[in-house]
Amino acid sequence: MTIYTPIIGLETHIELATQTKMFCRCPAEYFNAPPNTSVCPVCLGLPGAMPVANAQAIEWTILLGLALNCTITTRSFFERKHYFYPDLPKGYQISQYQSPLCENGSLTLPESNVTIPIRRIHLEEDTGKLLHGSSKNNSLIDFNRSGVPLVEVVTEPAISDSRIAAEYLQTLQKYVQYLGISDADMEKGSMRCEPNISLKSPSDKGLPQYKVEVKNINSFKFVRKAIDFELKRQTSILQKNEIPLQETRRYMEANGSTASMRQKEEAHDYRYMPEPDIPPVVINQDQFNSLKKRVETVELPNKRLKTLVNMQIKREDALLLVDDKYLGDFLLEIVQLCTKEEKQSGFIQKLVNYLVNKKISHTLSKHEFYAKAKTLSKPVETDMASLKNYIANAIENNKVAVSDYKLGSLNAINAIVGSIMKESKGSFQAKIVLDELKKVLR
Amino acid sequence: MKLHHLSIAQLRMMLLKKQISKKEVFKYFQSRIQKLNPTVNAILTETEETETMDDVTLPLYGIPFSMKDTYLTKGIRTTAGSRILKDYIPQYDATVYTKLKNSGAILIGKSNCDAWGHGSSTENSDFGPVKNPWNNAYVAGGSSGGSAASVISGMSMFDIGEDTGGSIRLPSSFCSTVGLKVSYGLTSRYGCIAYASSLDTVGPIGKSVEDVAIILEIIAGNDLLDATSVRHKIPKYTRTLRDKKNGLVIGLPKEYFKNSLTPSVAKKIQETIAVYKEMGIAFKEVSLSLTDYAIAAYYLLATSEASSNLARYDSVRFGNDRSVFGEEAKRRMMLGAFTLSAGYYDAYYIKATKIRSLIKQEFDTVFKEVDLLLAPTSPTPAFKLGEKINDPLQMYLSDIFTIPTNIAGIPALSVPCGLSEDTKLPVGFQLLGPAFSEELILQTAYRYENAVGGFLKFNAA
Ligand SMILES: [Zn+2]
């Protein structure tokens with residue numbers, strides 16, 4: 001049987017969480033806003049309106065590029081990508097083609113330790129949204145999303161399976177969240193992913209002569225499912241000595257399959273043209289240096305993982321903490337309160353345990369959490385005189401339970417321990433109370 | 001009293017001294033439109049007198065003006081000369097309109113033009129051609145034909161035209177107005193319906209050099225809504241207008257004086273040179289060897305951008321589907337889309353941008369030798385209506401002397417220099433200067449205007 005090698009590349013769109021849109025000063029946050037309330041002449045593409053590029057969006061894209069080890073283009077420009085679609089009011093999208101802001105980067109995945117080469121990162125504007133089915137004879141357009149800054153991260157076709165693809169996306173999402181440039185929420189649509197999938201036959205010299213793009217994927221789980229489905233589908237076609245069609249397919253959530261959307265014979269000639277209304281974006285050395293410094297001050301996921309592991313935290317816990325930036329931040333704040341001795345005596349792992357299994361509430365302040373963790377972890381010096389007092393009282397007040405215990409009921413002695421714990425407001429360790437009680441009742 | 005023969009400064013003085021009211025002025029020009037426009041067809045939409053700030057100290061207080069119908073005016077129909085937008089009511093104002101309103105000027109009408117600015121005769125307007133006020137059998141030039149025609153015939157005190165390849169200067173030369181194509185970026189394009197964004201410029205058309213200087217001072221400068229607008233400080237053009245630069249040297253580009261120049265125009269240009277020589281200004285022949293390539297580069301760059309800029313006009317938003325576009329717009333969109341297509345982009349678009357760079361460099365070199373350049377605005381005076389409409393290439397060649405300035409992004413002013421001997425129609429010359437040399441250009445034109453005792457007045461009606 002022929003062995004086919006999966007060739008997978010990922011195109012990921014991420015909406016930046018800037019205050020304003022990419023080319024106008026409308027608010028960029030449109031989630032749950034009533035349709036067409038966050039619009040102006042520019043993002044509606046009215047005659048005469050002109051785009052002015054959002055400097056913060058440009059900076060944030062470069063931050064992401066630097067975090068992903070990219071080369072930054074010092075003189076980049078925007079271009080017009082032409083196609084007709086009702087959600088695109090100008091008849092073109094302002095994007096970047098010849099000179100993306102960032103190129104030739106990489107991202108190393110923490111679990112598999114695979115390094116994914118990044119081909120390019122560019123900046124563009126999002127389109128409006130079509131709303132179908134509100135009535136039989138019309139479709140509606142909501143332009144709130146039109147012009148929201150959109151970063152596109154494109155990998156080389158170097159991903160070998162769906163597990164790595166999902167890990168890449170999760171890692172990229174973390175990077176974006178750690179940089180604070182987007183919430184990168186796949187369900188909300190602020191992060192969208194389109195895999196390009198093909199299979200290389202042993203006879204193929206370069207890349208396979210076809211490629212299938214899958215759209216409409218809104219979770220990491222579905223990315224895996226879509227890729228696995230495609231690999232199976234394409235394998236069966238190749239095994240019949242046929243070549244899969246070059247096409248765009250839609251992921252079908254209902255049954256985890258893909259269905260054809262459009263074939264590449266209909267591929268667009270986008271007639272790219274430099275955007276004459278926006279001067280070239282020039283990044284001088286000073287700007288570059290200050291952005292570089294900013295990235296270095298952010299503890300990115302890979303660096304945080306290293307920090308955590310170096311603190312003698314178990315790797316699987318460390319990964320968990322990297323995954324939840326809030327939890328990780330909280331832990332590191334508490335660690336700063338710890339003494340040198342605590343740091344060396346495995347106390348940090350205990351903190352992690354309390355955090356991960358929620359033994360101590362996350363809603364406490366870092367000081368409260370730290371204090372509670374200390375009491376929980378430290379064997380308390382038992383005040384034996386006081387304990388003996390509590391025991392004597394408990395025997396006096398629980399005569400039935402005492403006699404039950406003497407008749408052999410273990411539940412009974414546990415009930416007495418419980419009452420002592422309650423009376424003493426937990427000042428003793430339960431184990432010590434039990435041992436001491438047994439001694440007394442023996 | 002012929003108010004339309006007054007300069008802006010004179011009319012403003014009358015208003016200031018309350019010798020006439022704002023309302024009376026508006027009524028006067030309104031009646032000029034009612035009288036002349038049925039024949040000339042310079043104004044597409046007449047506007048009502050709008051409420052303006054009652055502040056007589058405003059620089060344009062009570063001055064009625066017209067504006068090419070490519071500028072968005074909130075609540076006032078704006079068509080760009082095309083049936084696609086025949087019922088389009090804008091939701092916002094162009095920056096240039098806002099600036100003029102804030103200076104006290106009152107919009108009296110929107111001027112007719114070639115649809116989308118595509119043309120050299122205003123015969124491509126979907127609302128009928130503009131007729132030359134001096135002789136109705138002739139064209140007024142284009143694409144801002146209605147602008148020049150309304151100003152010279154006294155339907156408005158001044159007009160804001162738009163110049164992409166000569167659209168302000170050609171009609172100015174054909175109608176005897178002073179028309180300024182500004183340096184690219186000197187004035188905001190925000191709210192101007194784009195023809196070719198990298199070449200479009202917003203500039204004034206007036207009856208005198210001083211009028212043009214007054215308007216320029218108001219409309220020039222940075223606009224946060226136009227990222228291509230200049231950041232530097234704008235000179236006070238009216239204050240330096242009377243200055244005379246010592247040792248001024250004007251270049252005569254020999255390529256502009258070759259065979260395509262008709263003798264009647266050549267004669268007027270020679271007379272102009274003689275006027276300047278009398279003042280002691282030196283002339284020097286120079287060469288702009290790439291002039292012939294400018295028109296080719298222009299029709300690749302401009303049509304590419306036009307095909308892109310016109311992509312938004314569909315029936316979903318504007319109520320008229322794309323078959324409603326006129327012949328010339330379709331021709332330019334086809335040409336532009338072809339130029340940008342995969343496989344042709346490098347051979348046409350990229351090559352044209354290279355020519356653009358070379359033309360810029362050539363102008364830079366020449367301006368190391370001379371301060372300004374003097375050349376005819378057009379090879380011919382106004383031609384007859386219908387004469388070139390079926391021959392697009394001949395029509396395109398009307399702009400042969402104006403296009404290179406747009407390609408280079410430099411300023412040029414078209415100045416009237418009398419009537420042609422044969423057809424008795426106006427002729428204009430243009431003064432070209434390095435980028436942002438409007439001050440020197442206006443000063444130099446002003447010296448000519450004074451030397452010849454002012455420009456022709458339109459007395460026919
Ligand atoms: Zn907007």
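Proteins get letters first, then strands, A, B, ... in listed order; numbering begins at 1 in each.
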Task: Pairwise distance OG(Ser304(B)) to CZ(Arg271(A)) - rounded to 0.5 angstrom - done: 10.0 Å
Open item on the list: Less than 4.5 Å to any heavy atom of chain A: does that hold for the side chain of Ala342(B), its backbone, both, or neither?
Closed with: both
Open item on the list: Please give me the minimum heavy-atom distance between Tyr349(B) and Met273(A), naming the atom from each residue.
Closed with: OH-CG, 3.9 Å
Task: Residue Gln91(B) versus chain A: region with a heavy atom under 4.5 Å - done: side chain
Task: Straight-line distance of Asp314(B) CG to Phe84(A) CZ, nearest 0.5 Å - done: 8.0 Å
Open item on the list: Could you report the tightest heavy-atom contact between Leu88(A) and Arg317(B), atom names first, then the distance?
Closed with: O-NH2, 4.2 Å
TODO: Please flag which part of Phe338(B) lies under 4.5 Å from any non-hydrogen atom of chain A: side chain, backbone, both or neither.
DONE: neither
Open item on the list: Quick one about Tyr92(A) and Arg312(B) (side-chain donor to acceptor, distance below 3.5 Å, no hydrogens or angles considered), yes or no?
Closed with: yes
TODO: Give, as side chain, backbone, both or neither, the part of Leu72(B) having an atom under 4.5 angstrom from any heavy atom of chain A.
DONE: side chain
Open item on the list: Taking every non-hydrogen pair under 4.5 Å, which of Cys24(A), Pro51(A), Ala53(A), Pro41(A) racks up the most with chain B?
Closed with: Pro41(A)
Open item on the list: Does any backbone or side-chain atom of Pro89(A) lie under 4.5 Å from a heavy atom of chain B? Answer side chain, backbone, both or neither.
Closed with: both
Open item on the list: If I measure from the heavy atoms of chain A, does Ala80(B) come under 4.5 Å with its side chain, its backbone, both, or neither?
Closed with: neither
Open item on the list: Measuring from atom OG of Ser308(B) to atom CD of Glu79(A), what distance do you get when rounded to the nearest 0.5 angstrom?
Closed with: 11.5 Å
- [ ] Sort Leu224(B) into side chain, backbone, both or neither according to what part of it lies under 4.5 angstrom from a heavy atom of chain A.
- [x] backbone
- [ ] Against chain A, label Tyr92(B) side chain, backbone, both or neither, depending on which of its atoms sit under 4.5 Å from a heavy atom there.
- [x] side chain
Open item on the list: Using a 4.5 angstrom heavy-atom cutoff, name the option from His82(A), Arg25(A), Lys90(A) with the most pairs to chain B.
Closed with: Lys90(A)
Open item on the list: For Tyr71(B), which atoms come within 4.5 Å of any heavy atom of chain A: side chain, backbone, both, or neither?
Closed with: neither
TODO: State the OH-CG distance between Tyr344(B) and Asp269(A), to the nearest 0.5 angstrom.
DONE: 10.5 Å
